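Notes follow once the structure below has been shown.
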Amino acid sequence: MTGTRAVTSPRSPHVSRFPRALRTRGGLSLRVDARAALVVLVLLAVALAASVALVGTGDYPMSAADVLRTLTGGGTPAEEFIVRDLRLPRVLVGLLAGAALALAGAVFQTVSRNPLGSPDVIGLGQGSAAGALTVIVLFQGGTTAVAAGSVAGGLASGAAIYALAWKKGVHGYRFVLVGIAMAAVLTAVVGYLLTKASLTDATRSTAWMVGSLNGRDWDQVWPLLAACAVLVPLVLGHGRALRMLEMGDDAAHALGVPVERTRLVTMAAAVLLTSAATAAAGPIAFVALAAPQLARRLTRGSGPGLTAAACAGAALLVTADWAAQRLFGPDHLPVGALTGMLGGCYLLWLLFTERRAGRM
């Protein structure tokens, strides 16, 4: 680009093709991590490819070329209806929910400085589920009321966890342990609500709790899109402060970071992202736990890698939904069941590696 020059480290000649920083004549400087940027592009490509494949999957199969032609306005009326009204909302909910869950997981893992600090481990997912089931079982609410109950339950559980874990600040293992205890309590609440439900409400509640993208339409897309449009830039704007928080409260404070305000704002945004994603798709397990760690390992970065985590979550959830439809025969598996199975294996591996590293 005219008017810019690449600045690279003299100790790293092998990266000279990929600038570390770009400086303009006006004095603006933009730091670029070449590996992280490449990982983000690859993850976006995977997410888009999986999205096209998912749109083409179903009782009326379509090739990738047909999907792209229909999306650009060249399809038949039947193809337009199938793609735009039936399948595209499902894919968009998957992309947005995956990105929201992964970004929330990255925030909580950074704040707690613990890879187990994930919304579905520390009770936020269970809080959203308890709120939604309260609306279904006690009030027989519709889709909008269930979504509102999910958000309210997530906010209430997040506030309770923060209050119980706070003692001159929020510290990693106390935060995770309080969250695990809260998750156990909320799981019991969910079980109690199911025992009090009628057969119809229990069936509806159980189907919602599995976590699925089946039957999603534009009524789920727009609220989730609005939440992401507000909350994702808010979290990304605190990326530098979150990176400082990973070094500890004292170091972050010495570097000028308003520690408690940053922690409170980012955690509130993460709770809302989790609640919005759960309201749209149900409590999909382990995406928030695995996606940030996957992004961190791919980028080999020291910070939270928020953008890469969001892209990893979107790619992971849409790919899992495509696999759930294609790999299990005519009985399509809900995506939450598949991510739960894979996530359970990942959690065991994570616990094993943490124990071998002496951090547990």
Side-chain angles (χ1 to χ4, degrees), residues 47-48 50-62 66-68 70-73 75-101 128-129 131-133 135-136 139-152 154 200-201 203-232 272-284 287 313-326 331-339:
L48 292 175
S51 298
V52 171
L54 184 58
V55 171
T57 300
D59 294 333
Y60 182 82
M62 300 175 64
D66 290 337
V67 170
L68 294 175
T70 303
L71 288 173
T72 55
T76 65
E79 291 174 335
E80 292 275 352
F81 173 74
I82 291 171
V83 170
R84 296 184 184 276
D85 294 336
L86 298 183
R87 298 180 182 175
L88 185 59
R90 175 192 187 122
V91 172
L92 291 177
V93 169
L95 290 172
L96 292 170
L101 290 171
S128 296
L133 260 64
V135 173
I136 293 174
F139 303 103
Q140 290 76 45
T143 302
T144 302
V146 170
S150 174
V151 173
T200 301
D201 289 339
T203 302
R204 181 185 173 195
S205 301
T206 303
W208 184 87
M209 284 179 58
V210 173
S212 175
L213 300 179
N214 294 336
R216 295 306 181 261
D217 56 28
W218 292 104
D219 289 338
Q220 283 83 39
V221 173
W222 296 122
L224 182 55
L225 179 61
C228 289
V230 174
L231 298 170
V232 170
L272 287 171
L273 283 170
T274 303
S275 301
T278 304
I284 296 177
V287 172
L316 183 62
L317 185 53
V318 174
T319 303
D321 192 41
W322 175 84
Q325 289 196 67
R326 295 295 298 269
D331 298 325
H332 296 162
L333 193 68
V335 65
L338 181 59
T339 60

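Nothing here was measured: the structure is a model prediction, and the numbers come from that model.
Proximity of Asp321 to Arg90: side-chain heavy atoms (C-beta onward) are separated by under 4.5 Å at one or more points. Counting heavy atoms from C-beta on, the side chains of Arg216 and Val91 never come closer than 4.5 Å. A heavy-atom distance below 4.5 Å is not found between the side chains of Val221 and Leu88.
With rounding to the nearest 0.5 Å, the separation of CG in Leu54 from CZ in Arg87 is 9.0 Å. Atom CG of Leu225 and atom CH2 of Trp218 lie 9.0 Å apart (nearest 0.5 Å). How far CG of Asp217 is from CG of Leu92: 11.5 Å, rounded to the nearest 0.5 Å. Taken to the nearest 0.5 Å, the CG atom of Leu272 stands 5.5 Å off from the CG atom of Leu231.
Across all their heavy atoms, Val287 and Gly98 have their closest contact at CG1-O, 4.1 Å. In this structure, Pro89 and Arg84 approach most closely via the heavy-atom pair CD-O, 3.4 Å. For the residue pair Thr319 and Ala50, the shortest heavy atom distance occurs at OG1-CB, 3.6 Å. Ala47 approaches Ala314 most closely through the heavy-atom pair CB-C, 4.5 Å. The shortest non-hydrogen separation linking Thr339 to Ala320 is CG2-CB, 4.0 Å. Contact detail for Glu79 and Tyr60: the closest heavy-atom pair is OE2-OH, 4.0 Å.
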Steps toward side chain to side chain contact (heavy atoms under 4.5 Å, CB included) verdict (Leu273, Leu101):
CA-CA 7 Å; Leu273 283 170; Leu101 290 171; over 6 Å; no
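None of Leu213, Val210, Val318, Asn214 except one satisfies the side-chain contact (heavy atoms from CB on, under 4.5 Å) rule with Val335; the exception is Leu213.
Heavy atoms of other residues, nucleotides or ligands lying less than 6.0 angstrom from CH2 of Trp222 number 12 at most.
Judged by distance alone, the side chain of Ser150 and the main-chain N or O of Val146 form no donor-acceptor pair under 3.5 Å.
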